[in-house]
Structures are given as structure tokens and as C-alpha cells.
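Everything below concerns the one structure shown next.
In this text, all values refer to a predicted model and were calculated from it rather than measured experimentally. When reading the values below, keep in mind they use all heavy atoms of this one structure, side chains included, and skip hydrogens, waters and symmetry mates. One-based numbering along the sequence shown.
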Amino acid sequence: MQLIFLGPPGAGKGTMATRVADDHDIPHISTGDIFRYNINNKTALGLQVKSILDSGELVPDGLTIDLVRDRLGQEDCSKGFILDGFPRTIAQAEALESFSDIRCVLNFSLSDEIIVDRLSGRRVHKSSGRTYHVLHNPPKVSGKDDVTGEELIVRSDDQVDSVRKRLSVYYEQTAPLKEFYQNKGILHEVDATPPPDEVYESIKTILAET
Ligand code: ADP
Ligand code: ADP
């Protein structure tokens with residue numbers, strides 16, 4: 001099962017990918033998480049991409065494609081995987097065709113107003129990437145990670161200016177991927193507006209039918 005979760009920032013791709021990956025025992029591969037892990041650990045890659053992530057721009061295609069090609073070549077991807085946040089440009093989608101066999105792309109759609117609400121309330125546990133929302137998916141204890149009890153943070157790119165930039169980057173560079181996959185007959189629409197359990201049920205229905 002090789003899946004792509006496509007959609008704007010804050011649509012709930014990561015939240016749903018975690019659940020679906022658990023169900024099917026396949027890895028959830030988030031390029032954003034990989035970049036943030038490298039930034040937190042101050043690796044050479046992290047130092048290279050930190051200012052790009054903070055600005056809301058995209059990391060260059062060549063670097064991102066090489067990273068994903070290597071990751072998909074690892075043993076745990078042999079049964080399948082969920083790509084979350086990749087591809088984000090047509091060049092990335094074309095490259096992906098040469099090293100994967102994607103037959104199902106889920107496109108998460110929701111209004112800009114709800115996107116802004118989701119991003120402004122998003123809280124994350126820095127070392128694990130676990131994600132919460134202050135209202136819609138709160139931790140058991142306010143401001144603390146459910147598993148470790150450590151502090152939750154606001155991602156630096158969830159600040160208002162970066163969010164605006166990320167949305168415009170999404171519409172310019174990533175939204176055209178809908179047509180790319182529609183033309184291949186493998187795009188499935190997910191209304192990402194309802195509460196998490198409802199979105200999850202609609203994803204399960206699509207996956208059962210494909
Ligand atoms: P969100 O989940 O809010 O959409 P991500 O965690 O997927 O955000 O991505 C955060 C940032 O990481 C992006 O704004 C971009 O700078 C970088 N990034 C992630 N995936 C890619 C990609 N496929 N191509 C280029 N840049 C990427
Ligand atoms: P993405 O990976 O697409 O950027 P996330 O999975 O990080 O999105 O979700 C963005 C924010 O919205 C998080 O705070 C998350 O807890 C919350 N969220 C996710 N799905 C829903 C939903 N269906 N309804 C309300 N809030 C949601």
C-alpha cells in the first residue's frame with residue numbers, strides 16, 4: 001500500500017497518517033518531520049534548511065527528492081508507506097514516479113479560514129512530533145505531551161507571517177498536483193472539515209474501496 005496524503009498545511013494529513021500507518025503497520029513518512037528532526041539535532045541538513053522552514057518557502061527539489069528516494073529504499077518501506085507532505089511540486093511528483101508505484105492519492109480539502117484556525121491552535125511535542133490542537137484535539141493536561149509529560153511548543157512556522165507564506169506557496173506550487181493525479185485517475189477527495197473521527201472514517205471507506 002503506497003499512499004500520498006496531499007493537501008494544504010494544517011489539513012490534518014499528519015494526524016490521519018499516524019492513524020492509518022498504525023492500522024496497516026506501514027511507515028508514515030513526513031518530509032516536514034524529517035527536516036525538523038534534523039534542525040532539532042543540528043545536523044548539516046538541519047543547518048541548511050532551518051531558515052527555509054522558518055520562512056515558509058520550500059526546500060529545493062533536488063535535496064528533497066534525494067532524501068525521499070533514500071528513505072523509500074529502506075527495508076521498512078517494502079510493505080508500503082504513507083507520504084505526508086511529499087510531493088509538493090510537479091518536479092517532485094515526476095521524480096517520485098521513477099522510484100515508487102503510487103496508486104492512491106488522498107486530497108484533503110478545507111477552507112482557508114479553518115486552515116488558519118488549525119495552524120494557530122496546533123501544539124507539538126518537539127522530539128516525537130506528536131501533534132495536538134488546543135481545542136479540537138487537546139492533550140490530557142494542558143500544554144503537556146500525553147506520553148512524556150514534556151512541554152508542548154508552537155511550531156515557529158505556525159506564526160502568522162509564515163502561515164500566510166505557506167498558504168500562498170501551497171496554492172502556487174502544490175495545488176497543481178491535484179490535476180496531475182486526477183489525470184492519472186488515482187485522486188480521491190477527502191473533506192477534511194469534520195472532526196477527526198469522521199475524517200478518519202471517510203478515509204477508511206476510500207481505502208477499503210481502492
Ligand atoms: P505542514 O504539515 O504544516 O504542511 P510540513 O511539516 O509538511 O508542514 O512542512 C513544513 C516545511 O518543511 C514546509 O513549509 C517546507 O519548508 C518544508 N517541506 C516539507 N516537505 C517539503 C517538500 N516535499 N518539499 C519542499 N519543502 C518541504
Ligand atoms: P497537517 O499535517 O496537514 O499540517 P496536522 O495533522 O498537523 O495537519 O493538523 C493540524 C492541526 O489541526 C493540529 O493541531 C491537529 O491536532 C488539528 N486537527 C487535525 N485534524 C483535525 C480535524 N479533523 N478537526 C479539527 N482539528 C484537527
Side-chain angles (χ1 to χ4, degrees), residues 2-18 20-21 28-36 38-39 48-69 71-72 81-100 102-120 122 124 129 131 155-193 199 202-203 206:
Q2 303 191 353
L3 302 173
I4 292 174
F5 283 11
L6 190 67
K13 304 180 300 295
T15 303
M16 292 301 136
T18 305
V20 176
H28 162 206
I29 299 170
S30 155
T31 37
D33 282 350
I34 297 173
F35 289 135
R36 279 185 292 277
N38 279 275
I39 291 171
Q48 198 179 347
V49 302
K50 182 175 183 334
S51 62
I52 304 178
L53 265 80
D54 281 344
S55 72
E57 300 278 359
L58 293 183
V59 174
D61 281 335
L63 203 164
T64 309
I65 290 165
D66 286 350
L67 185 96
V68 173
R69 188 190 292 109
R71 181 65 188 87
L72 298 190
F81 48 79
I82 301 176
L83 283 173
D84 158 18
F86 182 94
R88 254 178 159 92
T89 64
I90 295 285
Q92 291 180 10
E94 284 171 346
L96 180 63
E97 306 235 293
S98 68
F99 55 85
S100 71
I102 306 282
R103 309 234 177 111
C104 182
V105 179
L106 300 187
N107 182 53
F108 289 57
S109 55
L110 75 176
S111 69
D112 283 1
E113 199 186 336
I114 301 178
I115 292 173
V116 171
D117 167 71
R118 293 209 181 156
L119 293 177
S120 60
R122 175 156 67 183
V124 295
T131 300
R155 265 171 53 175
S156 52
D157 59 348
D158 281 346
Q159 316 287 345
V160 177
D161 285 349
S162 295
V163 166
R164 239 181 256 127
K165 180 72 205 165
R166 283 157 70 209
L167 269 178
S168 74
V169 167
Y170 166 76
Y171 284 115
E172 273 165 34
Q173 304 200 52
T174 307
L177 291 178
K178 285 190 264 180
E179 199 182 334
F180 179 90
Y181 288 116
Q182 194 139 37
N183 290 341
K184 294 182 182 297
I186 58 172
L187 189 78
H188 300 268
E189 286 295 338
V190 174
D191 178 3
T193 316
V199 177
S202 62
I203 291 173
I206 293 170

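For the residue pair His28 and Gly14, the shortest heavy atom distance occurs at CE1-O, 3.8 Å. Taking both residues in full, the closest heavy atoms of Glu189 and Ser109 are given as OE1-OG, 3.8 Å, listed atom of the first, atom of the second, then distance. Contact detail for Ala11 and Arg118: the closest heavy-atom pair is O-NH1, 3.1 Å. For Asp54 against Ser156, the heavy-atom pair with the smallest separation is OD1-OG, 2.8 Å.
At least one side-chain heavy atom of Pro8 sits less than 4.5 Å from a side-chain heavy atom of Leu110. Residues Ile102 and Ile186 are in side-chain contact: their nearest non-hydrogen atoms beyond the backbone lie under 4.5 Å apart. Counting only heavy atoms from C-beta outward, the side chains of Val49 and Asn38 never approach each other to under 4.5 Å. In this structure, Leu119 and Pro9 have side chains that are in contact, with non-hydrogen atoms separated by less than 4.5 Å. Within the 4.5 Å cutoff, side-chain heavy atoms of Leu63 are placed close to those of Gln48. In this structure, the side chains of Arg69 and Ile65 come closer than 4.5 Å at one or more pairs of heavy atoms. Inter-residue side-chain proximity for Glu113 and Asp117 is flagged as unmet; no heavy-atom pair is nearer than 4.5 Å. Contact annotation: the side chain of Thr15 never approaches that of Val199 to less than 4.5 Å [non-hydrogen atoms, C-beta and beyond].
Here the straight-line distance linking atom CG of Leu3 with atom NE2 of His188 works out to 9.5 Å at 0.5 Å rounding. Atoms CZ and CG, on Arg166 and Asp161 in that order, are 12.0 Å from each other to the nearest 0.5 Å. Once rounded to the nearest 0.5 Å, the distance linking CD1 of Ile34 with CD1 of Ile39 reads 12.0 Å.
Residues that satisfy the ring pair (Phe, Tyr, Trp, His ring centres under 6.0 Å) test with Phe108, not counting sequence neighbours, are Phe5.
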Apply side-chain contact (heavy atoms from CB on, under 4.5 Å) to residues Asp33 and Asp84 and explain how you reach the verdict. CA-CA 9 Å; Asp33 282 350; Asp84 158 18; 5.6 Å; no
Please evaluate residues Asp157 and Arg122 with respect to the criterion salt bridge (charged side-chain N to carboxylate O under 4.0 Å, His left out), reporting the C-alpha separation (whole Å), side-chain torsions for both, the decisive distance (0.1 Å), and the verdict. CA-CA 11 Å; Asp157 59 348; Arg122 175 156 67 183; 5.3 Å; no
Given the rule in the side-chain contact (heavy atoms from CB on, under 4.5 Å) test, do Thr64 and Leu58 qualify, once you have shown the distances and angles that lead to the verdict? CA-CA 9 Å; Thr64 309; Leu58 293 183; over 6 Å; no
Using the rule given for side-chain contact (heavy atoms from CB on, under 4.5 Å), can you reason through Leu83 versus Thr31, listing the C-alpha separation, both sets of side-chain angles and the distance that settles it, and then say yes or no? CA-CA 8 Å; Leu83 283 173; Thr31 37; 6.0 Å; no
Apply side-chain contact (heavy atoms from CB on, under 4.5 Å) to the pair Ile4 and Leu96, showing each step before the final yes or no. CA-CA 11 Å; Ile4 292 174; Leu96 180 63; 3.7 Å; yes
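Counted within 6.0 Å of CZ on Arg103, heavy atoms from surrounding residues, nucleotides or ligands total 12 or fewer; the atom is thus considered open.
No side-chain donor-acceptor contact under 3.5 Å links Thr89 to the backbone of Pro87.
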Please set out all donor-acceptor pairs under 3.5 angstrom arising from side-chain atoms of residues 167-182, sequence neighbours excluded.
from   : atom 1 : to     : atom 2 : distance (Å)
Ser168 : OG     : Lys165 : O      : 3.1
Tyr171 : OH     : Asp112 : OD1    : 2.4
Thr174 : OG1    : Arg88  : O      : 2.8

